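All of these numbers come straight from a predicted model, not from anything done at the bench.
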Amino acid sequence: MPDYSLEKAAQSRGFNLICGVDEAGRGPLAGPVCAAAVILPDDCVIEGLNDSKKLSEKKREALFEVIKEKAVAYAICYGTVEEIESVNILEATFLAMNRAINSLKVEADYALIDGNRTPKGIKIPCETVVKGDSKSMSVAAASILAKVSRDRLMLEYDKQYPEYLFSAHKGYGTKAHYEAIEKHGVCPIHRLSFLKNVL
């Protein structure tokens, strides 16, 4: 389970406002990539907070509201499909992470970032944490905000493009999704660079 060990380690080095940063949606064939940054109060208790991938949709939805309510600050930002296509998914993810950090209403002075690559352009000291969403409470909170926000956006796209069943698979490469692409072609939110083999 995640805890505050990494946050406390950063505080022991003189940092005060530590944000956790995570993304959702690097793998799908459609839709943007979403990143969130969250600063939690010291030792903030949020029952059941864990890596978003280990939680049910219902649990994530409930935690989403609690995190927003308890956070010192949070921000949710996107890397668009156009950016994914023009610079690649990794760079678009870094853009989204930077936007999230820079959009915090209370400025963070340190960032714990899920993964093993430091995003380009980050203006504050940071460290990357592999599987950070299962180690740090702040990163786990960010993972839930990013996942729920992106899933909700894909539900909106489902209304726009119902033939692709985005509400069921959220843009990931399921059998049903590939079949829909085969039948209907691509729509404006598809990542063409992810579909080279199909097209």
Evaluate Cys126 against Thr118 for side chain to side chain contact (heavy atoms under 4.5 Å, CB included), listing each step before the verdict. CA-CA 8 Å; Cys126 64; Thr118 304; 3.6 Å; yes
For the pair Arg117 and Thr128, evaluate side chain to side chain contact (heavy atoms under 4.5 Å, CB included) and give the outcome as yes or no after the intermediate values. CA-CA 6 Å; Arg117 302 280 292 274; Thr128 57; 5.6 Å; no
So, [X] side chain and [Y] main chain: donor-acceptor pair closer than 3.5 Å or not?
X      : Y      : value
Ser134 : Lys131 : yes
Asp133 : Ser143 : no
Glu7   : Ser138 : yes
Ser86  : Glu82  : yes

Closest non-hydrogen atom pair between [X] and [Y], with its separation:
X      : Y      : result
Ile76  : Cys34  : CG2-SG, 3.5 Å
Leu104 : Ala75  : CD2-N, 3.8 Å
Ala142 : Asp22  : CB-N, 3.6 Å
Lys135 : Val130 : NZ-O, 2.8 Å
Ile144 : Arg60  : CG2-O, 3.6 Å
Cys19  : Ile39  : CB-CG1, 3.7 Å

Can you list, by chain and residue number, the hydrophobic cluster partners of Leu155 when the side-chain cut-off is 4.5 Å?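 Members alongside Leu155: none; it stands by itself.
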Is there a donor-acceptor contact under 3.5 Å linking the side chains of Glu107 and Asn102?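 Side chains of Glu107 and Asn102: no pair found under 3.5 Å.
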Counting C-beta onward and ignoring hydrogens, is there a side-chain heavy-atom pair between [X] and [Y] closer than 4.5 Å?
X     : Y      : value
Thr93 : Ile89  : yes
Leu29 : Ile181 : yes
Met97 : Leu95  : no
Glu83 : Val81  : no

Count the heavy atoms belonging to other residues, nucleotides or ligands that lie under 6.0 Å from CZ of Arg13, then report whether that count exceeds 12.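 Atom CZ in Arg13 is packed in, count exceeds 12.
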Test side chain to side chain contact (heavy atoms under 4.5 Å, CB included) on Val21 and Leu112; report intermediate values, then the result. CA-CA 6 Å; Val21 183; Leu112 296 167; over 6 Å; no
In Å and rounded to the nearest 0.5 Å, what is the [atom1] to [atom2] distance from [X] to [Y]?
X      : Y      : atom1 : atom2 : result
Glu127 : Ser136 : CD    : OG    : 9.0 Å
Leu63  : Lys70  : CG    : NZ    : 10.0 Å
Leu145 : Ile67  : CG    : CD1   : 5.0 Å
Tyr172 : Met154 : OH    : CE    : 9.5 Å

Listed pairs under 3.5 Å, donor-acceptor, residues 185-199 side chains, sequence neighbours left out:
| residue | atom | partner | partner atom | Å |
| --- | --- | --- | --- | --- |
| His190 | ND1 | Cys187 | N | 2.9 |
| His190 | NE2 | His177 | NE2 | 3.0 |
| Arg191 | NE | Gly31 | O | 2.8 |
| Arg191 | NH1 | Gly25 | O | 3.3 |
| Arg191 | NH1 | Arg26 | O | 3.1 |
| Arg191 | NH1 | Pro28 | O | 2.9 |
| Arg191 | NH2 | Gly25 | O | 2.7 |
| Arg191 | NH2 | Gly31 | O | 2.9 |
| Arg191 | NH2 | Pro32 | O | 3.3 |
| Ser193 | OG | Glu85 | OE2 | 2.7 |

When clusters are formed by joining ILVMFWY residues with side-chain heavy atoms under 4.5 Å apart, either directly or through shared neighbours, do [X] and [Y] land in the same one?
X      : Y      : value
Ile113 : Leu40  : no
Val66  : Leu55  : yes
Tyr4   : Val139 : no
Ile101 : Ile18  : no
Val38  : Ile124 : no

Once salt bridge (Lys or Arg N to Asp or Glu O under 4.0 Å) is applied, do any residues pair with Lys68, and if so which ones, sequence neighbours excluded?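 Listed in chain order: Glu65.
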Just do the side chain to side chain contact (heavy atoms under 4.5 Å, CB included) check on Met137 and Cys44 with the steps written out, would you? CA-CA 9 Å; Met137 290 290 272; Cys44 170; over 6 Å; no
For Lys8, run the side chain to side chain donor-acceptor pair (under 3.5 Å) check against Asp3, Asp42, Asp43 and tell me which one passes.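 When side chain to side chain donor-acceptor pair (under 3.5 Å) is applied between Lys8 and each of Asp3, Asp42, Asp43, only Asp43 qualifies.
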Is there any ring pair (Phe, Tyr, Trp, His ring centres under 6.0 Å) pair reaching into residues 17-75, and which pairs are they, with sequence neighbours excluded?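 The answer is none; no pair qualifies.
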Hey, could you give me each pair passing ring pair (Phe, Tyr, Trp, His ring centres under 6.0 Å) that has a residue in residues 93-138? Not counting sequence neighbours.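 Passing the test, one end in residues 93-138: Phe15-Tyr110.
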Could you walk me through whether Lys175 and Glu179 pass the salt bridge (Lys or Arg N to Asp or Glu O under 4.0 Å) check? CA-CA 6 Å; Lys175 185 168 179 276; Glu179 283 170 358; 2.9 Å; yes
For Glu61, all residues meeting side chain to side chain donor-acceptor pair (under 3.5 Å), sequence neighbours excluded: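 Expected list: Arg152.
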Under the criterion salt bridge (Lys or Arg N to Asp or Glu O under 4.0 Å), I'd like the reasoning laid out for Lys120 against Glu91: C-alpha separation, chi angles, the key distance, then a yes or no. CA-CA 8 Å; Lys120 290 177 192 166; Glu91 296 298 330; 3.0 Å; yes
Would you call the rings of Phe166 and Tyr164 parallel, tilted or perpendicular, taking 30° and 60° as the class edges?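 The rings of Phe166 and Tyr164 lie parallel, inter-plane angle below 30°.
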